[in-house]
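Input: a single structure, listed below in structure tokens.
Computed over heavy atoms, backbone and side chain alike; hydrogens, waters and symmetry mates excluded.
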Amino acid sequence: MSNVAAEWQLLSTTFYRKQEIYQMQWKTIDLSRYKIACASFGGPIAIIRDDSKIVQLYSESALRKLRIFNSAGILISETVWKHPGGRLIGMSWTEDQTLICIVQDGTIYRYNIHSECIEPSLSMGKECFEQNVVDCVFWGDGVVCLTEAGRLFSVSDYKDVKPVQLADYKTAELGFGVADEDELPHCMAVIEPQFTVSGNVEVILCAGDRIVIVDEDEVRPVNVKIIHVDSNRDVTEEVVELGPILKIAVSRDGKVLACFTHDGSLVFLNIQFHLIYQYQCESALPPKQMAWCGLDSVLLYWDDMLLMVGPSDDCVSYIYDEPLNLIPECDGVRILSNTSMEFLQRVPDSTVSIFKIGSTTPASLLFDALDHFDRRSAKADENLRLIRLSLPDAVEACVDAAGHEFNVSRQRTLLRAASYGQAFFGFGSNFHRDGIQEMCKTLRVLNAVRNSKVGIPLSIQQYKSLTASVLIGRLINAHQHLLAVRISEYLGMNQDVVIMHWACSKIAASLTISDATLLDILLDKLKLSKGISYAAVAAHADKSGRRKLAAMLVDYEPRSSKQVPLLLSIGEEDTALIKATESGDTDLVYLVLFHIWQKRPALEFFGTIQARPLARDLFIVYARCYKHEFLKDFFLSTGQLQDVAFLLWKESWEMGKNPMASRGSPLHGPRIKLIEKAQQLFSETKEHVFESKAAEEHAKLLRIQHEIEVSTKQAIFVDSSISDTIRTCIVLGNHRAATKVKTEFKVSEKRWYWLKVFALATIRDWDALEKFSKEKRPPTGYRPFVEACTDADEKGEALKYIPKLSDLRERAEAYARIGMAKEAADAASQAKDGELLGRLKLSFAQNSTASSIFDTFRSSFQGV
């Protein structure tokens, strides 16, 4: 135990430990010659030769290379830096591990972890291009750039780059008190939007001996103040002059600023710029780097020394004889050198309680009890008796301390101690008994990714902040698919995303493998997951130029909604039509139909859909509504003449709705031509004799109606029936035309009489009606004459014809309709119809005189 605690350093009352994670496996790398960007959460390291320094090239190429390593110094990828645009100003990794490189003209280049440039390149805007960028500060997924003219520009999202110019601190009347007002700030830092009241990024600038905060709208000068509280608890504020600030660092929670001043002081300020603490460093030279170690202390790095300062008079120094790069993490700082990767962090409370020299806490006694147990010492039982009441807390402390360890042997020992203590719990204990198992599972994952070949040295706190799903995503991007699958399976997570990414990567990397062989390789893994999208893999294969492989893969996709669109995109229209019709999804069938329709000649398209009844029927339904001409071509190509005829006939009716349709030649009008074409097509099939005859008569009727309209100059005949045409002709007095229609269409005499009688009654030509009744005995009898006169409310005219009705019952009803009760009763009596008498009496129910007449006749009828 003493050996563990002997490695710690005490800063005020807090212990810190610096442990080596990796021996760097790169060779001949001198960090002082390179610009470096290290991703947080144990992420990759990007380096490129610093073109602002004169360095000896030795045997390396004069071409600059961007190289990306994992945290253990194993090369992941590299590429030649070919971008113009001036000097590289800064590099940083985003949260999704995209490398952002900003050059002097404001161009932003993006790279993935495999050194592949992501197109297109982005820009900080015209002003940055013209003025040149001299400095930049990265934060999260954003950046703030400073130009030579002292202008500040901000970008908050690299996926949607919209540079925003911040307020101009140079033109603000703030009185910086500098000799040269064109002098650029000594340093700047960013307060992220999540920590600001406005929700926008704010930039802290230190220019001259003043501090200002700049955002989109304004420039605010700030004064550093110290708060005094006297014996009466009265609070007073005193402005403190710090002089020029040369370095500034903002804590991860955005609440505290660490400032290095010109006289070598390290000043801690809260976000309201109240002085918290001031420490005097031995050197007045500004440190090369300054970074927060968690939330408790700040690291300052000079060429040969690393100094850790906390909120007290204490400090801890480390001597290095090689260049360093500090990588802030949420719970400490990773220290990168030419030869090693170290992690400096505050020692967790659980670890202190166990390993602190002289500790007598329950956790320490439990750990000691395990040692005695292994040595078969009775003191193990003595220790357990001492901590029996605190045993659950001791077990939890051992489990927690195991989680914070990087040393696997120490992890195992601490977990054994926890398990040993858990064995003595009573049944009533409320201890979370799955805690040891869950910690074992977490440590197995962490130890797997900490392996130097993977090179992701996550602490347990970083792992919890990052989450397992994000870690798996980072493994996928690094092409660590096997490990990602095993971790997903071990943690009970969905493996589909991993297998999908592996399949797509395999396709891209297997250019020399045949499609059939590669298909077998892919299926061997893809079949392990039931929810895998074969269509997505096939789409990637098509994008990679392997269309045949894509067609083979998509055949395994069970979901037609995914399968069919992809088949269309790779040119497999016939297969897509088969799959769509088999699915029964009409939307998919229409999707394929429209796609083929646009790409193929008409006859080829017709032949394709003719073999598929569902596709054919859906096409016909659509074309009937929107594409008549195309549908006619289809019916003609398939020999369905009657269907073409019906379409023509329908078109003629549609044309009839247009008032202009009846104008033109009476023999060659557009409607008549359509109907004649339909009649010809009907006549070519034996099954449509009726339709052929109907079309012929329809055309003939339209011609006659058109002639009548021309002669009468009244457009009221076209599209009326034969009966209406005859009736209208008689009403207009055109008896010759009416007779012609009667003759042409062989109208029967009975129908002719009914039509003419009512037409004459309509125009109230009673003389002509009477004359017509005397021409010859009407084949209909005189009933039409009676009804026509009665309907016209002409009783006198009706009386001319009622006596001529041969049927006594009709005569009785006719008399009743015109209100002649006695004559109606007499006719009914002559007909000897008692039921008729009763019915007629009811029609005169409100006329007592008439009712008595019917009673009289009924009595006489019954007495007979």
To the nearest 0.5 Å, atom OG1 of Thr94 lies from atom CZ of Arg110 at 9.5 Å
Determine, step by step, whether Arg151 and Tyr169 satisfy the side-chain contact (heavy atoms from CB on, under 4.5 Å) criterion, reporting the C-alpha distance in whole Å, the side-chain angles of both residues, the deciding distance to 0.1 Å, and the verdict. CA-CA 8 Å; Arg151 303 290 188 269; Tyr169 74 92; over 6 Å; no
Side-chain touch Leu184/Val134, heavy atoms, less than 4.5 angstrom: yes
Pairwise side-chain contact, Cys101 with Ile108, heavy-atom cut-off 4.5 Å (strictly under): no
Could you pull out all residues at least two apart from Arg334 that satisfy salt bridge (Lys or Arg N to Asp or Glu O under 4.0 Å)? Glu329
Among all residues two or more places apart in sequence or in another chain, which pass the salt bridge (Lys or Arg N to Asp or Glu O under 4.0 Å) test with Arg346? Asp296
Atom CD1 in Ile271, atom CD1 in Ile204: separation rounded to 0.5 Å? 5.5 Å
Minimum heavy-atom separation for Ser71 to Gly43, with atom names? OG-O, 3.0 Å
Taking distance alone, no hydrogens or angles, what donor-acceptor pairs closer than 3.5 Å link side-chain atoms of residues 317-328 to residues at least two apart or in another chain?
from   : atom 1 : to     : atom 2 : distance (Å)
Tyr318 : OH     : Gln9   : OE1    : 2.9
Tyr320 : OH     : Lys18  : NZ     : 3.1
Tyr320 : OH     : Glu342 : OE1    : 2.6
Glu322 : OE1    : Thr339 : OG1    : 3.4
Glu322 : OE2    : Ser337 : OG     : 3.0
Glu322 : OE2    : Thr339 : OG1    : 2.9

Run Trp139 and Val201 through side-chain contact (heavy atoms from CB on, under 4.5 Å) and show every step you take. CA-CA 9 Å; Trp139 53 274; Val201 65; 3.9 Å; yes
So Phe69 and Trp26, ring pair (Phe, Tyr, Trp, His ring centres under 6.0 Å) or not? Walk me through it. CA-CA 8 Å; Phe69 299 86; Trp26 57 33; 5.0 Å; yes
Under a 3.5 Å distance rule, please check whether Asp400 uses its side chain to pair with a backbone N or O of Glu396 as donor and acceptor. no
Gln480 CD to Leu482 CG distance, which is reported to the nearest 0.5 Å: 8.5 Å
Could you work out, with side-chain hydrogen bond (donor to acceptor under 3.5 Å, both in side chains) as the rule, every residue matching Glu192, not counting sequence neighbours? Gln194
Decide side-chain contact (heavy atoms from CB on, under 4.5 Å) for Phe138 and Ile100; before the verdict, give the C-alpha distance in whole Å, the side-chain angles of both, and the deciding distance to 0.1 Å. CA-CA 9 Å; Phe138 295 93; Ile100 303 298; 4.0 Å; yes
Of all heavy-atom pairs between Gly86 and Val103, which one has the smallest distance, and what is that distance? O-CB, 4.1 Å
Determine yes or no for a side-chain-to-main-chain donor-acceptor pair under 3.5 angstrom, with Asp30 supplying the side chain and Arg33 the backbone. no
Point-to-point distance, once rounded to the nearest 0.5 Å, from NE2 of His479 to CD1 of Ile113: 9.0 Å
Short question: side chain of Asp141, backbone of Glu95 - any donor-acceptor pair under 3.5 Å? yes
Rounded distance [0.5 Å steps], CG in Asp314 versus CG in Leu10: 7.0 Å
Could you check whether Gln462 and Ser465, counting side-chain N and O atoms only, form a donor-acceptor pair closer than 3.5 Å? no
If we ignore hydrogens and angles and just use 3.5 Å, is the side chain of Ser283 paired with the main-chain N or O of Leu285 as donor and acceptor? yes
Check whether Tyr22 reaches the backbone of Arg450 with its side chain - one donor and one acceptor, N or O, closer than 3.5 Å. yes
Is Val203 close to Asp215 at the side-chain level, that is, under 4.5 Å between some pair of heavy atoms? no
Residues Ile102, Thr107; criterion side-chain contact (heavy atoms from CB on, under 4.5 Å); working and verdict: CA-CA 6 Å; Ile102 298 181; Thr107 304; over 6 Å; no
Non-neighbouring partners of Gln278 that pass side-chain contact (heavy atoms from CB on, under 4.5 Å), sequence neighbours left out: Ser265, Val267, Leu275
Compare all side-chain heavy atoms of Ile211 with those of Val224 and state whether any distance is below 4.5 angstrom. yes
Taking the side chain as every heavy atom from C-beta outward, state whether Ser505 and His481 have any pair of such atoms under 4.5 Å apart. yes
Those residues that, when tested against Ser488, pass side-chain contact (heavy atoms from CB on, under 4.5 Å) (two or more places apart): Ile472, Met493, Gln495, Val498
For Ser77, enumerate each residue passing the side-chain hydrogen bond (donor to acceptor under 3.5 Å, both in side chains) test, keeping only those at least two apart in sequence or located in another chain. Ser115
Tell me whether Asp160 is salt-bridged to Lys162, with the criterion being a basic N under 4.0 Å from an acidic carboxylate O. yes
Any side-chain donor paired with an acceptor under 3.5 Å for Arg67 and Tyr34? yes
Are His186 and His262 close enough, and set up right, to give a ring pair (Phe, Tyr, Trp, His ring centres under 6.0 Å), and what steps lead you there? CA-CA 10 Å; His186 304 305; His262 70 293; 9.4 Å; no
Tell me, please, which residues at least two apart from Lys53 pass side-chain contact (heavy atoms from CB on, under 4.5 Å). Asp50, Val55
Does the Thr413 side chain pair with the main chain of Ser409, one donor and one acceptor, at a distance under 3.5 Å? yes
Looking at every non-hydrogen atom in both residues, tell me the closest pair between Met439 and Gly403 and how far apart they are. SD-CA, 3.5 Å
Validation row: Leu99, Tyr109 side chains within 4.5 angstrom (heavy atoms): no
Is a side-chain N or O of His114 found less than 3.5 angstrom from the main chain of Asn477, in a donor-acceptor match? yes
Is the closest side-chain heavy-atom distance between Glu119 and Cys117 below 4.5 Å? yes
If a pair satisfies side chain to side chain donor-acceptor pair (under 3.5 Å) and one of its residues is in residues 78-93, list it, with sequence neighbours excluded. His83-Tyr111
Determine whether Cys206 and Pro185 make a side-chain contact, defined as any pair of heavy atoms from C-beta on separated by less than 4.5 Å. no
Who passes side-chain hydrogen bond (donor to acceptor under 3.5 Å, both in side chains) against Arg486, sequence neighbours left out? none
Looking at Gly455, is its backbone amide N or carbonyl O close enough to the side chain of Ser452 to form a donor-acceptor pair, meaning the two atoms are under 3.5 Å apart? no
Quick check: does any side chain N or O of Tyr158 sit under 3.5 Å from a backbone N or O of Gly142, one acting as donor and the other as acceptor? yes
With Lys288, which residues qualify under side-chain hydrogen bond (donor to acceptor under 3.5 Å, both in side chains), at least two apart? Asp303
For Ser251 and Val256, indicate whether the former's side chain and the latter's backbone hold a donor-acceptor pair under 3.5 Å. yes
Any side-chain donor paired with an acceptor under 3.5 Å for Asn447 and Gln411? yes
Gln345: partners by side-chain contact (heavy atoms from CB on, under 4.5 Å), with sequence neighbours left out: Arg17, Gln19, Asp331, Phe343
Can the positive tip of Lys356 be found less than 6.0 Å from the middle of the six-membered ring of Phe15, inside 45° of the ring normal? no
Separation between OH of Tyr16 and CG of Leu344, rounded to the nearest 0.5 Å: 8.0 Å
